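What follows is a set of notes on a single structure, which appears directly below.
As the structure is a computational prediction, the values presented were derived from the model and not from experiment.
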Amino acid sequence: MSDHPKAQWERLKKPIIYFLMVAVCASCFYLIFKPKANNTIIEESGFNATIPHAKDGQLQCDKQKAYEQQLLEQKKEEKRNVVTTLSDYWNDQALWILRKGFCV
């Protein structure tokens, strides 16, 4: 049972190479996934952590109602803008009249 050193090397070469490959792979995984230096736990972790969650009062169940509500809000905003513009017009005209000293 005395093997030649060359035959013994050929028999052990495959397990040694596999062991080295596993060691290199394990060290690469460790370097990639090693724990961070600071041990802070992030509260919101996941794929969509930056997307805000809808509040119960803001989420509409029906798309048609949500669309109608948005149109209603746009009309209210337009009315506020018109009233503000008209108010600015009358204020500007009143100031002009007061500066010139005219009476209406």
Side-chain angles (χ1 to χ4, degrees):
M1 264 221 179
S2 65
D3 289 331
H4 265 238
K6 192 172 189 178
Q8 189 177 7
W9 169 249
E10 289 296 323
R11 192 173 46 106
L12 292 176
K13 187 166 53 169
K14 191 175 183 180
I16 291 173
I17 290 174
Y18 280 142
F19 175 75
L20 289 175
M21 287 178 21
V22 167
V24 168
C25 183
S27 62
C28 287
F29 277 127
Y30 175 75
L31 291 175
I32 292 171
F33 297 110
K34 70 180 178 181
K36 304 227 186 273
N38 54 356
N39 292 332
T40 57
I41 298 173
I42 300 172
E43 291 179 16
E44 293 183 28
S45 61
F47 292 115
N48 296 327
T50 58
I51 297 175
H53 297 287
K55 295 180 182 173
D56 293 334
Q58 295 177 344
L59 186 61
Q60 289 286 337
C61 294
D62 188 12
K63 288 184 180 181
Q64 183 65 29
K65 287 182 183 178
Y67 179 73
E68 290 172 357
Q69 183 179 4
Q70 183 182 9
L71 285 177
L72 183 63
E73 289 175 3
Q74 285 178 351
K75 287 181 182 179
K76 285 181 182 179
E77 185 67 29
E78 288 175 5
K79 284 182 184 179
R80 270 190 248 124
N81 289 340
V82 167
V83 170
T84 304
T85 305
L86 187 59
S87 173
D88 290 342
Y89 172 75
W90 285 110
N91 286 336
D92 290 344
Q93 190 174 14
L95 287 174
W96 183 78
I97 290 173
L98 290 173
R99 285 184 186 153
K100 295 294 182 176
F102 293 114
C103 292
V104 178

In terms of hydrophobic clustering (I, L, V, M, F, W, Y; side-chain heavy atoms under 4.5 Å; direct or indirect links), are V24 and I32 co-clustered? no
Report yes or no: do L12 and L20 belong to one cluster of Ile/Leu/Val/Met/Phe/Trp/Tyr joined by side chain heavy-atom distances under 4.5 Å? yes
Under 4.0 Å between a Lys/Arg side-chain N and an Asp/Glu carboxylate O for R80 and E77? yes
Should E10 and K13 be marked as a salt bridge (Lys or Arg N to Asp or Glu O under 4.0 Å) after you check the CA-CA gap, both sets of side-chain angles, and the distance that decides it? CA-CA 5 Å; E10 289 296 323; K13 187 166 53 169; 3.6 Å; yes
Using a 4.5 Å cut-off on heavy atoms from C-beta on, say whether the side chain of K76 contacts that of K79. no
Decide yes or no on side chain to side chain donor-acceptor pair (under 3.5 Å) for Q64 and E68, but give the supporting numbers first. CA-CA 6 Å; Q64 183 65 29; E68 290 172 357; 3.2 Å; yes
In Å, rounded to the nearest 0.5 Å, how long is the span from SG of C28 to OH of Y30? 13.0 Å
